[in-house]
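Report on one structure; see the data block that follows.
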Amino acid sequence: MRLFIAINFTNETIGQLLSLSDELRSRSDKGRFSEPMMMHLTLAFLGECDSRQSATIKEVMKSVQFEPFSINIERVGRFRRNGGDVWWAGVQSTSALQQLHKDLSEKLVDSGFVLDERKFSPHITLGREVVTDAAPWQIKPFGETVRSIELMKSERIAGKLTYTAIFKKRADDHN
């Protein structure tokens, strides 16, 4: 199983993200743009995992304590790549979000997982391999309250990449 831990969004937030993606698409010559139900904020990418590792991840998630917190999406930016850039909606980096990422990462590493060592840059991917003459831009901030994190499985079903939540940790679960 290819797994990652993510913050998923309400339909309202996804609608606003889709509007940003549509605006980017209209200003682009080409690109692969994210489907609405694929829009999420990755907290930890774990890659290929077996059922034993999946059980360990769930235990780590259960052990991480956090209170509901707000996140705000405030800009559209890109990571430059040959063959087209990765464009994203940038999430304001708050202490609550950074602490959740840090706690998860430390406990996963302590449990034997190898995580990406790049600085955490909270974002939601809008498109890949995007070719456009648009420049990154600021937006009117929008967001929501994060009340849970989810363990997601990434798989191809009938040739289409699909993300499925297989475990949820709520902010108010104190086990």
- Item | Partner set under salt bridge (charged side-chain N to carboxylate O under 4.0 Å, His left out) for Arg25, not counting sequence neighbours | none

- Item | Residues in ring pair (Phe, Tyr, Trp, His ring centres under 6.0 Å) contact with Phe167, at least two apart in sequence or another chain | none

- Item | Minimum heavy-atom distance between Met39 and Ile14, given as atom pair plus value | SD-O, 4.4 Å

- Which residues satisfy the side chain to side chain contact (heavy atoms under 4.5 Å, CB included) test with Ser26, sequence neighbours excluded? none

- Message: Please give me the minimum heavy-atom distance between Thr56 and Ser111, naming the atom from each residue.
- Response: CG2-CB, 3.7 Å

- Message: If hydrophobic clusters are built from ILVMFWY residues whose side chains come within less than 4.5 Å, do Tyr163 and Leu18 share one?
- Response: no

- Note on the structure: Sorted by chain and number, sequence neighbours left out, side chain to side chain contact (heavy atoms under 4.5 Å, CB included) with Ala165 holds for Glu150, Met152

- Task: Enumerate the residue pairs fulfilling ring-ring contact (aromatic ring centres under 6.0 Å, His included) with a member in residues 9-33, sequence neighbours excluded, ordered by first and then second residue.
- Result: none

- Message: Give me each pair satisfying side-chain hydrogen bond (donor to acceptor under 3.5 Å, both in side chains) with a member in residues 124-136, each pair once, sequence neighbours excluded.
- Response: Arg32-Glu129

- Task: Work out which heavy atom in Met1 is nearest to a heavy atom in Ser54; give both atom names and the distance.
- Result: CE-CB, 3.7 Å

- Query: Is it the case that one hydrophobic cluster holds both Trp137 and Val91, taking links as side-chain heavy atoms less than 4.5 Å apart, direct or via other members?
  - Reply: yes

- Which distance, rounded to the nearest 0.5 Å, do you find between the NE2 of His123 and the NE2 of His40? 8.0 Å

- Item | Least distance between heavy atoms, Met61 atom then Leu104 atom | CG-CD2, 4.3 Å

- Are any of the side-chain heavy atoms of Leu97 and Val146 separated by less than 4.5 Å? no

- Message: Testing the basics here: between Ile57 and Cys49, what is the closest heavy-atom pair and its distance to 0.1 Å?
- Response: CD1-SG, 4.0 Å

- Query: Who are the side chain to side chain contact (heavy atoms under 4.5 Å, CB included) partners of Glu12, not counting sequence neighbours?
  - Reply: Thr10, Gln16

- Could you state the interatomic distance from CZ (Arg27) to CD (Glu23), rounded to the nearest 0.5 Å? 5.5 Å

- Item | Spacing of OG belonging to Ser21 relative to CE belonging to Met38, to within rounding of 0.5 Å | 12.5 Å

- Query: Mind checking what makes ring pair (Phe, Tyr, Trp, His ring centres under 6.0 Å) contact with His101, not counting sequence neighbours?
  - Reply: Phe120

Show me the donor-acceptor pairs within less than 3.5 Å that the side chains of residues 72-90 make with the rest of the protein, sequence neighbours left out.
unit_1	atom_1	unit_2	atom_2	d
Arg78	NH1	Ala134	O	3.2
Asp85	OD1	Arg81	N	2.9

- Task: Mind checking side chain to side chain contact (heavy atoms under 4.5 Å, CB included) for Val109 and listing every partner two or more places apart, or none if nothing turns up?
- Result: Leu115

- Query: Measuring from Leu24:CG to Ser34:OG, what's the distance to the nearest 0.5 Å?
  - Reply: 10.0 Å

- Item | Nearest non-hydrogen partners of Thr13 and Glu144, listed with the distance | OG1-OE1, 2.5 Å

- Heavy-atom count around Met37 CE within 6.0 Å, excluding the residue itself: above 12? no

- Are Ile71 and Leu43 connected, step by step, through hydrophobic side chains (Ile, Leu, Val, Met, Phe, Trp, Tyr) whose heavy atoms are closer than 4.5 Å? yes

- Item | Residue pair Val60 / Phe113, side-chain heavy-atom distance below 4.5 Å | no

- Item | Listed partners of Gln99 passing side-chain hydrogen bond (donor to acceptor under 3.5 Å, both in side chains), at least two apart | Asp103

- Query: According to a 4.5 Å side-chain heavy-atom criterion applied to Ile, Leu, Val, Met, Phe, Trp and Tyr, with indirect links allowed, do Leu3 and Leu100 form part of one hydrophobic cluster?
  - Reply: yes

- Task: Using the rule that two of Ile, Leu, Val, Met, Phe, Trp, Tyr join whenever any of their side-chain heavy atoms come within less than 4.5 Å, decide whether Leu108 and Ile166 are in one cluster.
- Result: yes

- Could you list the residues that satisfy salt bridge (charged side-chain N to carboxylate O under 4.0 Å, His left out) with Arg118, not counting sequence neighbours? Asp116

- Side-chain heavy-atom pair Lys107, Ser63 within 4.5 angstrom cut-off: yes

- Between Thr162 (side chain) and Lys160 (backbone), is there a donor-acceptor pair under 3.5 Å? yes

